[in-house]
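Structure first, commentary second.
Since this is a predicted model, take the numbers as computed values, not measurements.
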Amino acid sequence: MPGGFPYAPATNEKRAEPFPWKAAMHAGFCLLRLSSRDFWALTPLELSAMTGGMRPQGGALGRDGLEALMRAFPDLPLPVASR
């Protein structure tokens with residue numbers, strides 16, 4: 001609907017999403033266990049990098065890829081400890 005959220009008034013331009021403060025604070029304080037001083041000193045880009053936002057977004061390994069890795073790197077039997 002023109003002029004209503006999430007569009008800018010009287011245009012069809014999409015507005016930027018609000019910053020997810022609740023999720024960012026949970027990640028910073030609860031998961032990363034940052035101090036308040038360290039959390040508030042971070043830029044959004046730094047927080048994103050610390051929470052995995054800069055990892056490559058490649059596809060997951062499929063069954064064929066897993067089987068190829070298993071053939072290339074087979075599990076070796078564990079040595080039996082002698083007493």
Side-chain angles (χ1 to χ4, degrees):
M1 77 167 122
F5 184 81
Y7 297 97
T11 71
N12 285 334
E13 257 181 68
K14 196 155 175 81
R15 287 186 183 174
E17 294 292 323
F19 189 79
W21 283 110
K22 190 173 184 177
M25 292 171 68
H26 175 76
F29 296 128
C30 300
L31 302 177
L32 298 173
R33 316 237 347 139
L34 297 172
S35 68
S36 293
R37 184 197 66 185
D38 291 339
F39 175 81
W40 292 111
L42 292 173
T43 65
L45 183 60
E46 290 169 329
L47 182 61
S48 176
M50 292 173 75
T51 56
M54 304 199 70
R55 285 185 308 225
Q57 299 296 316
L61 186 63
R63 181 65 151 181
D64 292 338
L66 175 60
E67 288 174 355
L69 282 174
M70 290 169 62
R71 281 190 303 276
F73 303 99
D75 289 339
L76 301 175
L78 294 174
V80 178
S82 58
R83 292 182 182 200

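- Remark: Leu47 CG to Phe19 CZ distance equals 6.0 Å, nearest 0.5 Å.
- No side-chain heavy atom of Thr51 sits under 4.5 Å from any side-chain heavy atom of Leu31.
- By the 4.5 Å heavy-atom criterion applied to side chains, Phe29 and Ser35 are not counted as neighbours.
- When side chains are defined from C-beta on, Asp75 does not count as touching Met70, because their heavy atoms never get closer than 4.5 Å.
- A distance of 13.5 Å separates CZ in Arg33 from CG in Asp38, rounded to the nearest 0.5 Å.
- The CE atom of Met50 sits 5.5 Å away from the CG atom of Leu42 when rounded to the nearest 0.5 Å.
- For the atom pair CE (Met25) and CH2 (Trp40), the distance works out to 5.0 Å, reported to the nearest 0.5 Å.
- In this structure, the side chain of Glu46 engages the main chain of Thr43 through a donor-acceptor pair within 3.5 Å.
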